[in-house]
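Some notes on the structure that comes next.
A, B, ... follow the sequence lines: proteins, then strands. Residue 1 opens every chain. Nothing here was measured: the structure is a model prediction, and the numbers come from that model. The analysis underlying the following values was restricted to heavy atoms, covering all of them including side chains, and did not include hydrogens, waters or symmetry mates.
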Amino acid sequence: MSIQVTLPDGGVKVYAEPLSISDIAGDISRKLAKNALGGVVDGKVVDLNTILDRDAEVRILTWDDDEGKMIFRHSSSHLLAEAVQNLYPGTKFGIGPAIKDGFYYDFDSPHTFTEDDFPKIEAEMARLAKENSVFEKNIVSREEALAYFRDKDENYKVELRNDLPADAEISTYKQGGFLDLCAGPHLPSTEKIKAFKVMSIAGAYWRGDEKNKMLQRIYATSFPKKAQLEEYLNMLEEAKKRDHRKLGQELGLFTIMEEGPGFPFFLPKGMILRNELENYWREIHQKAGYEEIKTPMMLNRSLWEQSGHWQNYKDNMYFTKIDETDFAIKPMNCPGSILVYKHSLHSYRDLPIRMGELGLVHRHEKSGALHGLMRVRCFTQDDAHIFMLPSQIKDEIKGVISLIDGVYKLFGFDYHLELSTKPEKAMGSDEIWEMATNALKEALEEESLPYQINEGDGAFYGPKIDFHLTDCLGRTWQCGTIQLDFLMPEKFDIHYIGEDGEKHRPVMIHRVAFGSIERFIGILTEHFAGAFPTWLCPVQVRLMSITDKQLPYIKEICDKMRSRGIRAEVDARNEKIGYKLRESFQMKIPYSLVAGDKEVADGTISLRRLGKGDLGAVNVDQLIEDIIEEIKERKNP
RNA sequence: GCUGCUGUGGCUCAGCUGGUAGAGCAGCGCACUCGUAAUGCGCAGGCCAGCGGUUCGAAUCCGCUCAGCAGCUCCA
């Protein structure tokens, strides 16, 4: 008998006797043996010490593989649980999975954890890791599992065990003095876990259900090397510096006051940025054949009942009364757009009709959900609704995809697509849903765009394509969405007159590119760390003089720039040049221009470009043309 | 909404175990007229989130409310 192992590169190794994944790694190279964290056998992730006794395709997992990281972090979470078990007797255990960037474990403990406990927990974890306990796997019967955890009064584990399918193989892993109900896989032993840090503590509902008890969740992260942990912590620091709430405050873009929780105020500087975004938006939509409308912020309740929003979202809507009649503040723009469509008759020749609206919507978000500009109670959707013939669906979807693609490319965002399918609270028949979902799929496939399926995450009236963009720190944000809708046209009984002179039902697309302008500004702020492209900058140029003597000279240049549409200002304060420059940099102003006697004599100006240092004296007129060009082209820094 | 934490001048923060507020920055004034990330001096600015309680006395202790932060839940 021999065992044939096929490796990812297509290479085949033949072994005479059963052997472990770890042995295979060792046979490939010493380095791989050292770095191996687990394996994949015929597509299944397994422990490194799993014995292979048959032919299989094998891949060795290291830290470079996502699955490898998951194994490492999952084992780390068991280490955390063991530390907590030792330090805080009486604690019951929930679940402890690996997540992106780390892991957590949920505890139900008589002790209330605080940050002060972190060093103690870390020290205990370090002690346990050094003991290099082996992760022992045991297959147990349902009864054994039940008996063990019931005896220990581990009611959460008992619940988990009870919910496992009757034919499921139940396994436990034990390292040191900690035994957990766990499917694995795990590291061979704890010694590889060299660098870890307890990050935070937070409440979390048992099994993610807000009806259940809230447990204490300890978040932590771990790495094979100390340097990697340091790097990760530095990245977090960087993200913290870029926090749009902090930068929004420092740069004077927006503020949120106690008087209006979740209702942001845009300050003059933020308003400039916002208007620039909206100008850009109007420009590209006008080119793409959209018309712009504005619909009322408050409309009769019956409209929302007709659309289905009342039934689905009334708890998150704001209401008021006018003369005994209920009105709702709009949480969405589509019913308004539909009324505009209905307002006149449409011929098939007029379709598609693309109606855009920068619509201010209000939604009652729970107080705990609010977060700067990212999650607010009123925001502006850069919305549009396309009414079209069924035959136009694919082309319109492609058109929208290309429009949104252009928006993200402009800011240098990468993105990926997700297709969200029928949710539980969907309206409409399965046939309609299938038709709509297939239309979206076909459009994506014809454009050869890769996408993931996001099962059950569609809107109640239709499936959607979501754009998830990645910022420069690698974080992802869901922004654009394209929703295909056969239902609203029916609910609102809208139609067009076809070639045959009869009434027909149009199909609708709902779509946004920015998503929420407020949120997009938040994302841009973090993406650019406040150093926006010049075209978006509230102040594009700041002029300063060495002494008061050159003030008239820079004022003249400032006027010239302003007359050409550049947002320039003079810092006329009687301060040293270093002081004035410092503030200019802190305000992330792209162009800092300095004039002393030399520049006045030569008719030049000294240029210091944000992030590029002192560029020396330049010709003023040429500089003006360059800046105008940069703004016009909407170049990135 | 839930769990935990926080709330002091425009901003960032100090204020030990309760004795009725302090700094830096920003602002204003004066002097200096200066070459690429903070010139010096002076002035002004706070019912310590709000309400109630304990106490001879509360920014400090307790309760409630509001707001914020980190998660959870939710996000058409």
Side-chain angles (χ1 to χ4, degrees), chain A residues 104 106 112-116 199-219 243 245-246 249-250 252 255-262 304 307-317 330-335 361 363-372 374-377 379 381 383 420 423 425-427 457-462 464 478 481 483 485 488 510 512 515-516 519 544-551 573-587 592-599 606-608 610 613-617:
Chain A
Y104 66 79
D106 285 345
T112 301
F113 294 102
T114 70
E115 281 186 25
D116 299 337
M199 303 298 293
S200 60
I201 170 86
Y205 300 109
W206 167 237
R207 309 195 102 177
D209 188 334
E210 61 183 321
K211 290 185 193 75
N212 287 341
K213 178 165 184 182
M214 187 164 266
L215 308 180
Q216 300 187 71
R217 175 171 297 177
I218 294 181
Y219 284 93
D243 191 312
R245 292 166 298 184
K246 180 172 139 70
Q249 152 88 329
E250 286 169 5
T255 184
I256 298 174
M257 307 200 226
E258 230 176 288
E259 290 81 352
W304 305 103
S307 70
H309 288 102
W310 167 272
Q311 293 85 325
N312 280 297
Y313 295 109
K314 61 173 179 300
D315 291 344
N316 297 312
M317 289 168 67
K330 69 174 175 183
M332 285 208 93
N333 303 301
C334 32
V361 298
R363 297 177 182 178
H364 177 74
E365 301 291 354
K366 288 179 182 173
S367 56
L370 302 177
H371 182 91
M374 301 301 189
R375 193 80 179 272
V376 288
R377 288 185 172 138
F379 59 97
Q381 291 180 310
D383 218 341
S420 295
K425 60 177 172 184
M427 291 179 165
D457 204 35
F460 70 85
Y461 46 75
K464 56 179 185 162
Q478 201 240 295
T481 163
Q483 307 173 347
D485 179 6
M488 290 292 162
H510 312 240
V512 290
S516 140
R519 183 160 171 273
M544 49 209 101
S545 57
I546 301 291
T547 73
D548 291 352
K549 233 189 332 172
Q550 303 89 24
L551 261 181
R573 290 175 303 178
N574 183 8
E575 289 291 349
K576 289 191 173 177
I577 197 66
Y579 179 89
K580 290 189 269 198
L581 278 166
R582 180 181 139 89
E583 190 179 279
S584 184
F585 304 146
Q586 281 175 340
M587 295 304 289
S592 299
L593 305 181
V594 178
D597 285 338
K598 242 188 314 180
E599 287 78 7
S606 274
L607 164 61
R608 191 151 168 186
L610 187 66
D614 191 348
L615 301 178

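Taking side-chain N and O atoms only, A/Ser367 has a distance below 4.0 Å to OP1 or OP2 of B/rG1. Considering only side-chain N and O atoms, A/Arg375 lies nowhere under 4.0 angstrom from the phosphate OP1 or OP2 of B/rU73. Residue A/His364 has no polar side-chain atom (N or O) positioned under 4.0 Å from OP1 or OP2 of B/rG1. Residue A/Tyr219 places at least one side-chain N or O under 4.0 Å from the OP1 or OP2 atom of B/rC72. Taking 4.0 angstrom as the limit, A/Arg608 places a side-chain polar atom (N or O) nearer than this to OP1 or OP2 of B/rA37.
Using a 4.0 Å heavy-atom cutoff across all strands shown, A/Gly578 reaches sugar-phosphate atoms only and no base atom. Among the heavy atoms of the strands, none lies under 4.0 Å from A/Arg377. Looking at heavy-atom distances under 4.0 Å, A/Ser606 makes contact with a base. In this structure, A/Gln483 reaches the sugar-phosphate backbone alone: every heavy-atom distance under 4.0 Å involves primed, P, OP1 or OP2 atoms, never a base. If you check every strand for non-hydrogen atoms under 4.0 Å, A/Asp614 touches a base. Among the heavy atoms of the strands lying under 4.0 Å from A/Gly208 are primed sugar atoms or P, OP1, OP2 only; no base atom is included. Within the 4.0 angstrom heavy-atom criterion, only backbone atoms of the sugar-phosphate kind lie near A/Ile577; the bases stay farther away.
Here the nucleotide nearest the side chain of A/Met214, chosen from B/rU33, B/rC11, B/rC72, is B/rC72. For A/Met332, whose side chain is taken as the heavy atoms from C-beta onward, the closest listed nucleotide among B/rA37, B/rG35, B/rA76 is B/rA76.
Base-pair partner of B/rG10: B/rC25 (Watson-Crick or G-U wobble, both distances under 3.5 Å). Using Watson-Crick or G-U wobble geometry with both donor-acceptor distances under 3.5 Å, B/rC64 finds its partner in B/rG50. B/rC30 and B/rG40 make up a base pair, with Watson-Crick or G-U wobble contacts both under 3.5 Å. In this structure B/rG35 sits in no base pair that meets the Watson-Crick or G-U test at under 3.5 Å.
Between A/Lys366 and A/Glu210, at least one side-chain nitrogen of the basic residue sits less than 4.0 Å from a carboxylate oxygen of the acidic one, meeting the salt-bridge criterion. We find that A/Arg245 and A/Asp243 are joined by a salt bridge, their nearest charged nitrogen and carboxylate oxygen being less than 4.0 Å apart.
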Annotated protein contacts, base or backbone, on nucleotides 26-31 of chain B with a non-hydrogen cut-off under 4.0 Å, one of B, S, - each: SS----
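Judged purely by distance below 3.5 Å, without hydrogens or angles, the side chains of A/Glu365 and A/Asn316 never pair a donor atom with an acceptor atom.
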